[in-house]
Amino acid sequence: MRIQENLEHIRRNIKDACKMSGRNPDDVTIIAVTKYVSVDTARKAISAGIKHLGENRDEGFLHKKNEISEDAIWHFIGTLQSRKVKDIINEIDYLHALDRISLAKEIQKRATGITKCFVQVNVSGEVSKHGLQPEEVVPFIQKISQYDRIQVVGLMTMAPHIDNENRLRQIFRDLKQLQKEVQALRHIHAPCTELSMGMSNDYSIAVEEGASYIRIGTSLVGKEM
Ligand SMILES: *Cc1c(COP(=O)(O)O)cnc(C)c1O
């Protein structure tokens with residue numbers, strides 16, 4: 001994998017998407033999703049200039065974090081089982097998949113500081129996707145306001161693997177709209193300034209629609225396993 005070239009290509013696309021939408025490319029952070037690659041490849045991504053790494057399984061995450069001594073910002077992007085919270089929560093910088101009260105409760109119990117979380121939303125309505133239904137998001141955020149170890153920094157969604165640009169765009173717009181509703185709550189623990197959306201096949205559209213974190217695996221670091 002030519003990570004450096006891939007990264008340059010992605011950065012160019014981000015720049016173009018920002019130009020289209022009047023955004024500043026500095027407001028878009030690339031998370032290299034390393035779940036399908038080795039520690040070595042993850043290190044190469046860091047050498048190429050990546051600062052943010054994303055993993056979706058507890059074993060994979062702990063292994064990478066143990067082996068990688070370079071400074072990195074760690075994003076846990078997968079569904080987190082409640083019983084794994086204690087092993088993970090104080091090791092990560094961001095959790096992208098807060099999707100239920102029981103998880104919030106466990107984080108409150110186990111976190112030693114404030115955990116930056118994205119609330120995951122199932123905007124597309126696909127049954128296979130995790131996350132809250134859009135109409136559940138505001139009540140959810142109100143409910144977790146009692147847990148002061150959780151800061152809702154933003155919303156996250158996964159779009160389906162489709163080529164229908166209009167459909168993808170609508171999903172990202174819906175998440176942006178939901179973000180505005182959460183911000184209007186003016187909840188001190190839910191500034192919700194960020195949007196985690198966009199993967200290898202749809203990040204350009206996501207950036208046009210306001211993504212501040214894009215999670216890129218395959219088209220940046222490839223797939224080795
Ligand atoms: C795997 C994964 C990604 C990256 O997917 P690619 O299509 O390889 O870029 C992004 N977000 C989540 C939540 C993932 O599980």
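We count ligands from 1, going down the list as the structure has it; atoms in each ligand are counted the same way.
When heavy-atom distances to ligand 1 are checked against a 4.0 Å cut-off, H96 has no atom that comes that close, whether in backbone or side chain.
The distance criterion of under 3.5 Å between nitrogen or oxygen atoms is not met by M156 with respect to ligand 1. The distance criterion of under 3.5 Å between nitrogen or oxygen atoms is not met by S219 with respect to ligand 1.
Counting only heavy atoms of the protein, atom 5 (O) of ligand 1 lies nearest to M199 CE, 3.5 Å. Closest to atom 9 (O) of ligand 1, if we only count protein heavy atoms, is S200 OG, 2.5 Å. Looking only at heavy atoms of the protein, atom 12 (C) of ligand 1 is closest to I77 CD1, 3.5 Å.
Applying the side-chain hydrogen bond (donor to acceptor under 3.5 Å, both in side chains) test between D174 and each of Q170, K176, Q177 identifies Q170 as the sole match.
Every atom of ligand 1 with a heavy atom of R215 under 4.0 Å away is listed here by number and element: 4 (C), 9 (O), 10 (C), 11 (N), 12 (C), 13 (C). Of all atoms in ligand 1, numbered sequentially from 1 with element shown, those under 4.0 Å from a heavy atom of K35 are 1 (C), 2 (C), 3 (C), 14 (C), 15 (O). Interface of I216 with ligand 1, defined as ligand atoms under 4.0 Å from a residue heavy atom, comprises 9 (O). Set against the non-hydrogen atoms of T218, the atoms of ligand 1 under 4.0 Å away are 6 (P), 7 (O), 8 (O), 9 (O).
Hydrophobic clustering of Ile, Leu, Val, Met, Phe, Trp and Tyr side chains at less than 4.5 Å, counting indirect connections, unites V28 with Y203.
Ion pairing between a basic and an acidic side chain is recognised when a charged N comes within 4.0 Å of a carboxylate O; K84 and D87 show no such pairing. A salt bridge between R83 and E106 is absent, with no side-chain N of the basic residue lying under 4.0 Å from a carboxylate O of the acidic one.
In summary, the side chains of H189 and S145 do not present any donor paired with an acceptor at a separation below 3.5 Å, with no hydrogens or angles considered.
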Apply the test side chain to side chain donor-acceptor pair (under 3.5 Å) to residues D58 and Q81: give CA-CA distance (whole Å), side-chain angles for both, the deciding distance (0.1 Å), then the verdict. CA-CA 9 Å; D58 52 293; Q81 291 174 280; over 6 Å; no
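For S212 (side chain) and L195 (main-chain N/O), a donor-acceptor pair under 3.5 Å exists by modelled atom type.
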